[in-house]
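Heavy-atom basis, side chains included; hydrogens, waters and symmetry copies ignored. Every number for a ligand or one of its atoms is a count from 1 in the order of the listing.
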Amino acid sequence: MRVVLADHAGACYGVQRALDLASAALREGGGAYTLGPLIHNPQVVESLAQQGAQVVERADQVRSGTVIVRSHGVTPQERACLEGRADKVVDATCPHVARAQKAAERLAALGCVLVVGEPGHPEVAALREYARAAGAEVHVVLSPDGLPSDLPERVGVVVQTTQRAETLQAVVDALAQRGVSAQVKDTICAATTERQAAAEALAAQVDAMVVIGGKNSSNTTRLAEICALSCPRTFHVESANEVRAEAFAGCDTVGVTAGASTPEDQITAVVCALQAL
Ligand code: SF4
């Protein structure tokens with residue numbers, strides 16, 4: 001069975017930067033807190049825990065010491081709380097996410113901001129709070145169906161960095177149809193679009209696709225959804241242990257891709273497991 005790895009698979013710039021900053025902070029000793037998982041990859045989070053990183057759910061659970069701000073960023077309120085409590089704040093917010101936060105803050109001048117993204121995702125929560133703290137009314141939408149019925153004549157639109165361009169476009173088109181003037185900041189990250197385009201192209205040419213990454217990873221889940229559209233035999237796995245021979249019976253070629261929060265060693269392990277079938 002031939003195993004083909006997609007272009008642009010695996011850890012993106014922002015995730016690699018967060019991991020490097022965390023490793024450097026942990027090497028100094030004394031441990032460190034992260035507010036929520038540093039990245040959405042359970043195996044990496046487990047490895048960081050063994051090196052002294054403790055995940056807390058709320059900013060007020062940090063008592064002192066070092067805290068690492070995750071790649072998806074935190075709300076302005078959480079940032080203020082962390083800066084007040086920790087001795088040292090290591091900011092691993094991805095610069096692309098930080099740019100989206102600034103866009104949300106600036107768009108607040110329009111009075112109403114739509115955040116296109118998954119409600120409940122920490123990056124989306126932070127975008128919402130940046131716009132809200134700057135005085136805007138904020139709505140989080142994932143499709144035109146989520147648009148409120150009473151929108152003002154002008155709105156700002158910002159988007160979660162890992163969303164699909166089609167999702168943003170659908171919301172923008174729906175606003176135009178309703179005669180709402182939208183100032184759109186397309187903050188979808190190039191790492192996301194590159195991974196999605198490469199995965200989509202590969203999925204159309206293979207008998208089965210394997211998408212590697214955390215089940216809690218938004219960008220990995222989206223990759224799996226995209227691959228499944230053209231390759232129904234798409235499997236989302238977190239590790240090589242989940243590779244089952246029976247799933248690939250009759251396959252000549254299997255494609256592999258990985259989310260932006262999946263490190264190289266996890267990809268290599270899955271590719272080796274597939275090659276060994
Ligand atoms: S996918 Fe893009 S925005 Fe998200 S962490 Fe990676 S580089 Fe940053």
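- At a threshold of 4.0 Å, the pair Arg132-Glu129 counts as salt-bridged, since one of the basic side-chain nitrogens sits closer than that to a carboxylate oxygen.
- Atoms SG and CZ, on Cys112 and Arg154 in that order, are 11.5 Å from each other to the nearest 0.5 Å.
- Counting only distance, with no hydrogens or angles, the side chain of Thr34 and the backbone of Ala53 share no donor-acceptor pair below 3.5 Å.
- The closest donor-acceptor contact from the side chain of Glu238 to the backbone of Pro42 lies at 3.5 Å or more, if one exists at all.
- Grouped with Tyr13 in a hydrophobic cluster is no other residue, since no side-chain heavy-atom contact under 4.5 Å to another Ile, Leu, Val, Met, Phe, Trp or Tyr is found.
- In this structure a side-chain-to-backbone donor-acceptor pair under 3.5 Å is present from Arg178 to Ser149.
- For atom 8 (Fe) of ligand 1, protein N, O or S atoms closer than 2.8 Å were enumerated as Cys94 SG, with waters left out.
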